[in-house]
**Student:** 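Pasting a structure here, questions to come.
All ligand and atom numbering here is 1-based and tracks the order in the structure. In this text the structure is predicted, and so the values were computed from the model without any measurement. Side-chain atoms are counted along with the backbone in the values below, which use heavy atoms only and exclude waters and symmetry mates.
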Amino acid sequence: MLKEMQEEILRLKKEKNVCILAHCYQTHDILEIADYIGDSFGLAQKAAQTDCEKVIMCGVRFMAETVKILSPKKRIYLPRPEAGCPMAEQLDVDMLSQLKEMYKDYSVVAYINTTAELKTLCDVCVTSSSAIKIIKRMDADKILFIPDCNLGDYITKQIPEKTFKLINGGCPTHAKISKKEVEKAKAAHPNALLLMHPECRPEVVAMADFVGSTTEIMSYAGQNNAKEFIIGTENSIVQHLGIQYPEKMFYALSKDCVCHNMKITTIADVLHCLNGTDGEEILLDDSIIKDAKICIDEMLRLGK
Ligand code: 13P
Ligand code: SF4
């Protein structure tokens, strides 16, 4: 049944000239039918390049908004309208305006996990894999980084020559991972390397053998000669790596490291979205697209 559904999706997307993008946190059956799989930066770049008339973004709302901002003439769809990112919605325009008032001489750098509206107030956008390179290349020395203080802390440590202001915010899925859980996982798998996402808390990131974005973690695990890895990011990566490298062992750091927003989209939702019976078309005001595009273009320019 699953195979038939996937074949129907592949047939329909070809017939209708639809491009399907999937974030790595999607389930394996969705990755199998996607034209492109990636982390936030890879998806943003792909969104800028695709020439399909329609794009289905399997991920969360801010990702679909990013695709729309970069491809305003295309019709962009989110298969499950309720798939949001709690971190992206932590700050609103009023709160950020107040922060900008308080830190007038700071450049505002936004993690890509922010709403399109919020991006209109930011100077540069970054992803977990591009942040260090981009912030280093910025002319500005004073950075107000929003909204993830864990990723912010990680960046701050890599760029001591600049001054940072961080605010309290972050990813509830990654921030949940505790030092105790890391100690337990390391004791259970003493030969495994610990790979962590920088959205995790500083004290657990400090225990890692490697820190990186989702695709960076996946390629590190593939290329490294070690045979065992503890995966400190959303648990779908444990499954994807296990399928990709069956000769290696991958262990979840915490059984609670599950992003329910990422998991709400099913393969059936993708089919319904292609058929036009479900899903939401992402519509943004022209002025929001224009203003939000500035910080994303700046990310793409500095990240080249
Ligand atoms: P990356 O895909 O950039 O690693 O970000 C992880 C994440 O939490 C996306 O929402
Ligand atoms: Fe947002 Fe965290 Fe889920 Fe990514 S994993 S979509 S940052 S809540």
**Student:** What protein heavy atom is closest to atom 10 (O) of ligand 1, reported as residue, atom name and distance in Å?
**Tutor:** Asn113 ND2, 3.2 Å

**Student:** Do Phe164 and Phe145 have ring centres separated by under 6.0 Å?
**Tutor:** no

**Student:** Are Asp256 and Lys176 within salt-bridge range, i.e. N to O under 4.0 Å?
**Tutor:** no

**Student:** For atom 1 (P) of ligand 1, what is the nearest protein heavy atom, given as residue, atom name and distance?
**Tutor:** Ser128 OG, 3.5 Å

**Student:** Can you list the ligand 2 atoms lying under 4.0 Å from a non-hydrogen atom of Tyr25?
**Tutor:** 5 (S)

**Student:** Can you find an N/O atom of His197 closer than 3.5 Å to an N/O atom of ligand 1?
**Tutor:** yes

**Student:** So that I can tick it off, tell me whether Lys13 and Asp35 are bridged by a salt bridge, with the cut-off set at under 4.0 angstrom between side-chain N and carboxylate O.
**Tutor:** yes

**Student:** With only distance considered, is Thr127 within less than 3.5 Å of ligand 1 through an N or O on each side?
**Tutor:** no

**Student:** Evaluate the ring planes of Tyr25 and His197, with Trp represented by its six-membered ring, and classify them as parallel (under 30°), tilted (30 to 60°) or perpendicular (over 60°).
**Tutor:** tilted

**Student:** Give me the residue, atom name and distance of the protein heavy atom closest to atom 8 (S) of ligand 2.
**Tutor:** Pro86 CD, 3.4 Å

**Student:** Heavy atom under 4.0 Å from ligand 1: found in Glu199's side chain, backbone, both, or neither?
**Tutor:** side chain

**Student:** Do Thr215 and Asp39 pair up side chain to side chain, a donor and an acceptor below 3.5 Å, judged on atom types alone?
**Tutor:** yes

**Student:** Could you identify the single nearest non-hydrogen protein atom to atom 9 (C) of ligand 1 and state the distance to 0.1 Å?
**Tutor:** His23 NE2, 3.7 Å

**Student:** Can you list the ligand 1 atoms lying under 4.0 Å from a non-hydrogen atom of Tyr111?
**Tutor:** 5 (O)

**Student:** Out of all atoms in ligand 1, which are within 4.0 Å of some heavy atom of Asp39? Include the element for each.
**Tutor:** 1 (P), 2 (O), 3 (O)

**Student:** So does Lys68 pair up with Glu65, basic N to acidic O under 4.0 Å?
**Tutor:** no

**Student:** In ligand 1, which numbered atoms sit nearer than 4.0 Å to a non-hydrogen atom of Ser213?
**Tutor:** 4 (O)

**Student:** Using a strict 4.0 Å cut-off to heavy atoms of Met87, name the atoms of ligand 2 that fall inside it.
**Tutor:** 7 (S)

**Student:** If you count heavy atoms of other groups shown closer than 6.0 angstrom to NZ of Lys100, is the number above 12?
**Tutor:** yes

**Student:** Check whether any N, O or S atom of Cys171, backbone or side chain, sits closer than 2.8 Å to atom 2 (Fe) of ligand 2.
**Tutor:** yes

**Student:** In the structure I gave you, are the side-chain heavy atoms of Lys54 and Tyr77 within less than 4.5 Å of one another anywhere?
**Tutor:** yes

**Student:** Against heavy atoms of Cys259, which atoms of ligand 2 measure under 4.0 Å?
**Tutor:** 3 (Fe), 5 (S), 6 (S), 8 (S)

